[in-house]
Amino acid sequence: MKMLATYKVVSENVPAEIIVAQKDDEYINTYELKHAKIREATKAVLDFLKEKIIDAVDIKISEILDPREAEFARKRLIVKAHELVKDEFAGLNKEDENIIVGRLVQEMVGLGELELLLADDRLEEVVVNSSHEPVYVYHKEFGWLKTNIFIANEEQIHNYASIIGRKIGKQITNLSPLMDAHLLTGSRVNATLFPISSKGNGITIRKFSKEPWTVINFIDPVSNTLSPETAALLWLCMQYELNVLIGGGTASGKTSFLNSILVFTPPNQRVITIEDTRELILPEFLNWTPLVTREPNPEGKGGIAMLDLLVNSLRMRPDRIVLGEMRRQREAEVLFEAMHTGHAVYATVHADDAEHVKSRLISPPIALPEQMLNALHLTIVQYRQRRTGIRRTFEIAEFIPQEKGVGINTIYRWSPKEDKLKSVGKQKRLFNELGMHTGMSEKELEKDLAEKEKVLKYMVAQKVNTVNEVGKVVAWYYRDKEKVLKTVEKNLGPKELLGGK
């Protein structure tokens, strides 16, 4: 056996050692989770304690469905668990008491051992195919790995899926065997029931960072996804409400990129986001209303589709409309109609390059008339190399109105040889549009871009990289640009900018 990595994770005070290894008798590298084993006698006591806790802690339905109330209920459960553990295990030290209580909490209001996998920040995906085979994980460094964790039975997998669904008002049953949902941490969940998934009940959890990536994380040389120069251009486009579409393949970082540029929204504008599963997180001080679709009940009633939310959003006086993913013709028609009526619009779409973005928009199932694409200013395409797992901004291109339809003008493209986003053409439409919006000459626009680039580099150097921190610096820039530029020029600490209201 060859050891590839070893480290520790902790969930609910329950520690575990992780060993990633290459074994001679395995076709795939392994992910072993080792933690303190509980003896059979102790397990019997734990089952007894669960029943006593359930009797002692009265949890209302509202506390299950409301995330804020659920946290209070969880705290009450933890307090009661500590009391009962002290009674049943006299003389137990504090560390072991915390571990036993943590295990109780994981099993009663969590997802059991899966909670330890969700606590591992190096994992991107957690996959349960059935109770007959091990859980698989996708590791940021080592790709797909086979774990030593098995779910006890198919009923337990169904139970975990139901727990996840109940917390956000969704359900998964034999009549509705497919469920898209999310954890309260923001991680996306897909669940399927047998016989739709013929091996058995399944759960796929795509983990999201507790603190979403910002444009500063993308610029940071460690990730090397975006350059300060291109980020400054995107900031300028976002400031003056140009319409942007983010393309890319599965897990290429489309939503993360969309989230990162939304931080450039001026605080005096209203943002409406529309998603199937809540993923976007904007600065807390923005005037932002997130809308989420809802599946119909078993009788087929009560469903709220993305189109319903999109049409309704136009009645909410939005300055900016953000669509999680564009999939269908009617959604696209309403979205482009919003562009034509003066709303700034942002969305994601599955496409491999700028030409493919155009092709997706004018071909079934979206099938928009090509002339409608004139309202779209910019497309950014994300790329993920499956072999190495790296994510890069692959292309930034303009949509150029023409007599018959639209043309594509690529401004930046990623060079795999240099692993760098390189300029491959000059803006044709952007500066004309921006000049028209701002009254600035090309020279003045270049100066503005240079100032924004300095601010971005300053945030990288000062490690100002959370959604709220980056949002506050951007908000101060809009309110008092000279103050921000003075702070940057003198390389002062960001405390004054971050502390501002």
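Values in this document were obtained by computation on a predicted structure and should not be read as measured data. Position 1 is the first residue of the sequence, and the numbers go up from there.
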Is it the case that the side chain of [X] and the backbone of [Y] share a donor-acceptor pair, with hydrogens and angles ignored and the cut-off at 3.5 Å?
X: E154; Y: S131; value: yes
X: T379; Y: L245; value: yes
X: T293; Y: M306; value: no
X: T393; Y: L226; value: no
X: N29; Y: L145; value: no
X: T348; Y: G324; value: yes
X: K420; Y: S415; value: no
X: S11; Y: V14; value: no
X: S359; Y: H356; value: no
X: N148; Y: L33; value: yes

**Request:** Carefully, step by step, assess I246 and Y346 under the rule side chain to side chain contact (heavy atoms under 4.5 Å, CB included).
**Result:** CA-CA 8 Å; I246 316 292; Y346 314 95; over 6 Å; no
Please give me the minimum heavy-atom distance between [X] and [Y], naming the atom from each residue.
X: Y7; Y: H139; answer: OH-NE2, 3.1 Å
X: P283; Y: V467; answer: N-CG1, 3.4 Å
X: R360; Y: A351; answer: CG-CB, 4.3 Å
X: G247; Y: V357; answer: CA-CG2, 4.3 Å
X: L233; Y: Y412; answer: CD2-CE1, 4.0 Å
X: F194; Y: N201; answer: N-OD1, 2.9 Å

**Message:** Is it the case that atom CG in D308 sees more than 12 heavy atoms from other parts of the structure closer than 6.0 Å?
**Reply:** yes
**Request:** Inspect the surroundings of CG in D25 and state if more than 12 heavy atoms from other residues, nucleotides or ligands are less than 6.0 Å away.
**Result:** yes
Return the [atom1] to [atom2] distance between [X] and [Y], rounded to the nearest 0.5 Å.
X: L280; Y: L262; atom1: CG; atom2: CG; answer: 6.5 Å
X: M179; Y: L193; atom1: CE; atom2: CG; answer: 8.5 Å
X: M326; Y: I366; atom1: CE; atom2: CD1; answer: 6.0 Å
X: I149; Y: L114; atom1: CD1; atom2: CG; answer: 6.5 Å
X: K170; Y: D180; atom1: NZ; atom2: CG; answer: 6.0 Å
X: I274; Y: L307; atom1: CD1; atom2: CG; answer: 9.5 Å

Close side-chain approach of [X] to [Y], heavy-atom, < 4.5 Å:
X: L498; Y: V473; result: yes
X: L421; Y: I396; result: yes
X: F142; Y: R122; result: no
X: I100; Y: R103; result: no
X: V189; Y: L183; result: yes
X: M238; Y: V474; result: no
X: H350; Y: K254; result: yes
X: W213; Y: N259; result: no

**Request:** Would you check, one step at a time, whether the test side chain to side chain donor-acceptor pair (under 3.5 Å) holds for T204 with E125?
**Result:** CA-CA 7 Å; T204 303; E125 212 98 16; 6.0 Å; no
**Request:** Show the numbers, then the answer: is there a side chain to side chain donor-acceptor pair (under 3.5 Å) between N224 and D419?
**Result:** CA-CA 8 Å; N224 189 33; D419 191 16; 3.2 Å; yes
**Asked** Hey, what's the ring geometry for F218 with F257, parallel, tilted or perpendicular (30° and 60° as the breaks)?
**Response** tilted
**Prompt:** Please walk me through it: do R391 and T225 pass side chain to side chain donor-acceptor pair (under 3.5 Å)?
**Reply:** CA-CA 7 Å; R391 291 177 175 87; T225 304; over 6 Å; no
**Asked** Does a side chain donor of either N217 or T214 reach within less than 3.5 Å of an acceptor in the other side chain?
**Response**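 Present: a donor and an acceptor within the cut-off.
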**Prompt:** Looking only at side chains, do E32 and T147 share a donor and an acceptor under 3.5 Å apart?
**Reply:** no
**Request:** Would you sort out whether L291 and I272 count as a side chain to side chain contact (heavy atoms under 4.5 Å, CB included), showing the intermediate values?
**Result:** CA-CA 7 Å; L291 303 177; I272 308 290; 3.7 Å; yes
Salt-bridge criterion met for [X] and [Y] (N-O under 4.0 Å):
X: D120; Y: K207; value: no
X: R188; Y: E325; value: no
X: R206; Y: E279; value: no

**Prompt:** Run the side chain to side chain contact (heavy atoms under 4.5 Å, CB included) check on E115 and E12 step by step: do they pass?
**Reply:** CA-CA 9 Å; E115 293 290 343; E12 298 288 357; 5.9 Å; no
**Asked** Can you list the steps and then say if Y160 with V128 is a side chain to side chain contact (heavy atoms under 4.5 Å, CB included)?
**Response** CA-CA 11 Å; Y160 286 159; V128 178; over 6 Å; no
